[in-house]
Every structure is written in structure tokens, then in C-alpha cells.
Asker: 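Please see the structure below; I have some questions.
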Amino acid sequence: MIERRTVFKAALAAGAALGAAACSSTNDGTALPTGAAGADGESAQPVAKITAEPAADAKDVSVLKPVVIKVADGKLTECKVTTDGGKAVKGDTAPDGLTWTSSEPLGYGKTYTYTAKATGSDGKPAEFTGTFTTINPAKQVRATLNPADNQTVGVAMPISVKFASPVKDRKAVEKALSVKTDKDVEGAWGWLSDSQVDYRPKEYWPQNITVNVEAKLYGVELGGGAYGKADVTTKFKIGRNQVVKISTPEHQMHVYRGGSQVKSYPCANGLDGEVDRNTPNGTYIVMSKEPSAIFDNARYGYTNVNKKWACRFSNHGEFIHENQDNAANIGKTNNSHGCVNLLEADAKDYFDSALVGDPVEITGSKLGPPMNSDVKDWNYSWAAWQGLGAK
């Protein structure tokens, strides 16, 4: 009996020793994994520690925030970020092997999974995995940009960004907009409504330059749960400097190129004796060119009147156009309903020379500029225009 008890105690002692080797603990009582400490005191856990940003299980992550996977005490050997549809996100590992960074925007309302592997400085492998979810906007708002790509426009042409829905956070939008030119140009953004912001230079654009515009609106919070739907860009050219100047009492339309007068056409402007029919003072731009246009104004008793070589310069209803029927008054009397009437040959000559965006400067009238026109940018002083920027 004595011998048997001795053997049994020896077996218990041996078992206790084996248990201590399988699961030891830290000083604070936290358990270490099986095999955490061997007889030689060497840890079996890899020293490499992999982390990620956004953190695992993060919600409402910005689609513009890059995914960054890092490792400490080791080198990354494999990194992959995929959407819930399995598509991989583009990215690159730094030359030092310590970080992986995504290189493309994320999608709205998607769950992403990242997996990463590394080899620690101790030569042991480490792995990491997790998921996060991006913001799912209540509304995605589309924007358009004008002028369009590859257009050549006049020196007064504004840049216009129009939104499909009103914008609440104007500052956020302006931060996403950039204008680059061949030459230094002083300019500013001005909000003409809650859904339109324009850029104009302080003075007319320098002639013959290229303008690059970027509206990086994707991922930008516009306010009220709305986000930009997509980025929009444009690259266009400013053409030669051509300016139309009309002093209505003179009955002459002067055309200047590069600051020098190159043409002068007799004209008839809005009726002097009725202010509402005056051609309004102000600085406008050629908004569109129509070889043939139909004019209707029930108030003054005419409809379906066809005129040639029409250049619109205001959505208030003003054009420069041919009116051969009024030849007896052109150059002598102002009797139109606000348009600038030219003889047919002169109207064709001017039409052929004009670019959308050319300035049209009107003076001498009793009627002020209509501020309900779509393009009223140049009818603000520079100080007033700057005041239209985001506060």
C-alpha cells in the first residue's frame, strides 16, 4: 500500500507538470495560448502585430478614406480587401513592407473584408481578418459641369456647376472644386442659387489659355444626408479676346478684338420711350448661337416670327439678330422690344465671328440688368461676387 501510494503521487505530480507546460498565465492572470511557454522560455506566439484602419466592425465609413493595413515587428506578405461581391480593391504595399494602402475610392453602402498575412521578426507567421461597412447615403446628388470638354469659348465664359438637388453644405462643395490655368488668374466661386455655383475671374480670362476644372464631389457630404454621386471634370480653351460694346443712344454695335475695334455695325436697340422695352444695361455673354430662331411675345402682339443669325445674350429675352424688316430704322432709331437688330449681312458677319462666352457690354439704357437671367455673373461687382461664396 505504501509503495502504491508513492507511485500514484508521482503520477499526479507528473500530470501537474504537463499541465503547467500546456497553459501558463501572466502575472495578471490572463491566460496564454497553448504552447505559449516552453522549457526554454521561448514564446510560441508571433511577435508581428497587424492592425487596420478603418477598424474591424466599423460602420458608416467614408468612401474617400483609404484602407490602411499596418504591421509592427514584421513584414506584410499578403494583403487583400474585397467587397461583399468579391471584387478586390486596388492597393499597394509600401517598399518597406510595413503598410498596405488602397488606391481607389470605396463604394457606398458596401461591406468590405480585409485579410492580411505577415512574417514577424521572429520568423513566425501572423494573420489578420475583419470587416467594415461604408456610408449609405439617404440621397446621391448628380452634378453637371459647363463648359463641356474641348470647347473653345469667349473670355467672359463662367464655369458653372449645377446640382440636381439643393446643396446645404456649400463650404464642403467649394473645397471639392479646383480651377487650373496656363496663366495665373484671380477668380472666385459664387452661389447663384442653392443648386448652382459659378466661377468667374475678376477680369475677363486671358485669351488663348487652357482651363482645367475638377469637381471631386463623390463622397462629399452635401448636407441633409445627401452625398455627391460622382466626380465631374472638364478641360476647355479660352479663345481670342472679342468684346461687343453697345451704347444704345448711338445706334452702333462695335466689335473689339484684343482691345482694338475691328467692326462697327449700325443697329436698332430697345424702344427708348418705354423702359420695359429698353435693351438693358449690363455685361452679358453670348449664351447660344442659332442660325434661325423663332420669336414670340404675346404681350406685344407677335408670335412665330422667324429671324436669322441670332446670338442670345440673356434669358430675359435679348438677342443680337437680323431684322431686315426693320432696315429703315437700323442705325437711326431704337424701336425693338429689347433685342439688338442688325441688317442681314451684318448679322451674318457678326454671327460667324462670335463664340459662346464672348462679352456683350450694354450702356446708355434706362433699364438695369435683369438679375433673373441664368448668366448674370458679370453684373455683380467683384466685391459683391466674392460675397456670394460659401460663408
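Given the structure is predicted, the values throughout are model-derived calculations rather than measurements. Just the heavy atoms: all of them, side chains too, but no hydrogens, waters or symmetry mates, feed the values below. Along the sequence shown, the residues carry numbers beginning at 1.
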Asker: Suppose we screen for side-chain contact (heavy atoms from CB on, under 4.5 Å). Which residues come up paired with L388, at least two apart in sequence or across chains?
Answerer: L192, Y380, W385

Asker: Do we see a donor-acceptor contact under 3.5 Å between the side chains of W191 and E174?
Answerer: yes

Asker: Determine the sole option in K162, K168, R170 for which the salt bridge (Lys or Arg N to Asp or Glu O under 4.0 Å) test with D194 is passed.
Answerer: R170

Asker: Could you tell me whether Q324 atom CD has more than 12 heavy atoms of other residues or ligands within 6.0 Å of it?
Answerer: yes

Asker: Do the side-chain N and O atoms of Y199 and D377 include a donor-acceptor pair separated by under 3.5 angstrom?
Answerer: no

Asker: Report yes if some heavy atom in the side chain of I246 is under 4.5 Å from a heavy atom in the side chain of V340; otherwise report no.
Answerer: yes

Asker: For atom NZ of K183, is the number of surrounding heavy atoms from other residues, nucleotides or ligands below 6.0 Å larger than 12?
Answerer: no

Asker: Considering only heavy atoms from C-beta outward, does the side chain of L217 approach that of V173 to under 4.5 Å?
Answerer: yes

Asker: Given L355, which partner from the list I285, I238, V155, T152 fulfils the side chain to side chain contact (heavy atoms under 4.5 Å, CB included) test?
Answerer: T152

Asker: Will you find, in the side chains of N326 and N335, an N or O donor that is under 3.5 Å from an N or O acceptor?
Answerer: yes

Asker: Would K307 count as a cation-pi partner of F295, with NZ or CZ less than 6.0 Å from the six-membered ring centre and within 45° of the ring normal?
Answerer: no

Asker: Could you tell me whether E344 and K308 have a side-chain N and a carboxylate O separated by less than 4.0 Å?
Answerer: yes

Asker: Side chains of D60 and T134: is there a donor and an acceptor less than 3.5 Å apart?
Answerer: no

Asker: With the side chain counted from C-beta on, respond yes when W309 and I320 share a heavy-atom pair under 4.5 Å apart, and no when they do not.
Answerer: no

Asker: N281 and T363: side-chain donor and acceptor closer than 3.5 Å?
Answerer: no

Asker: For N334 and H251, does a side-chain donor sit closer than 3.5 Å to a side-chain acceptor?
Answerer: yes

Asker: Taking CZ in R142 as the centre, count heavy atoms belonging to other residues, nucleotides or ligands within less than 6.0 Å. Is the count above 12?
Answerer: no

Asker: Less than 4.5 Å apart, any side-chain heavy atom of V89 and any of Y114?
Answerer: no

Asker: Less than 4.5 Å apart, any side-chain heavy atom of Q242 and any of P359?
Answerer: no

Asker: Do side-chain atoms of W378 reach the backbone of A156 as a donor and acceptor pair under 3.5 angstrom?
Answerer: yes

Asker: Cut-off 3.5 Å, side chains only: do E127 and T115 have a donor facing an acceptor?
Answerer: no

Asker: How about K229: does its NZ atom have over 12 heavy atoms from other parts shown lying under 6.0 Å from it?
Answerer: no

Asker: With a 4.0 Å cut-off, would you call K49 and D73 a salt bridge?
Answerer: no

Asker: Give a yes/no verdict on a cation-pi contact between K289 and F351, requiring under 6.0 Å between NZ or CZ and the six-membered ring centre and an angle within 45° of the axis.
Answerer: yes

Asker: Do the non-hydrogen side-chain atoms of H254 and V244 ever get within less than 4.5 Å of each other?
Answerer: no

Asker: Report the C-alpha separation of K65 and E53 in whole Å, then their side-chain angles, then the decisive distance to 0.1 Å, and conclude whether the salt bridge (charged side-chain N to carboxylate O under 4.0 Å, His left out) test is met.
Answerer: CA-CA 9 Å; K65 190 174 184 178; E53 184 63 36; 2.9 Å; yes

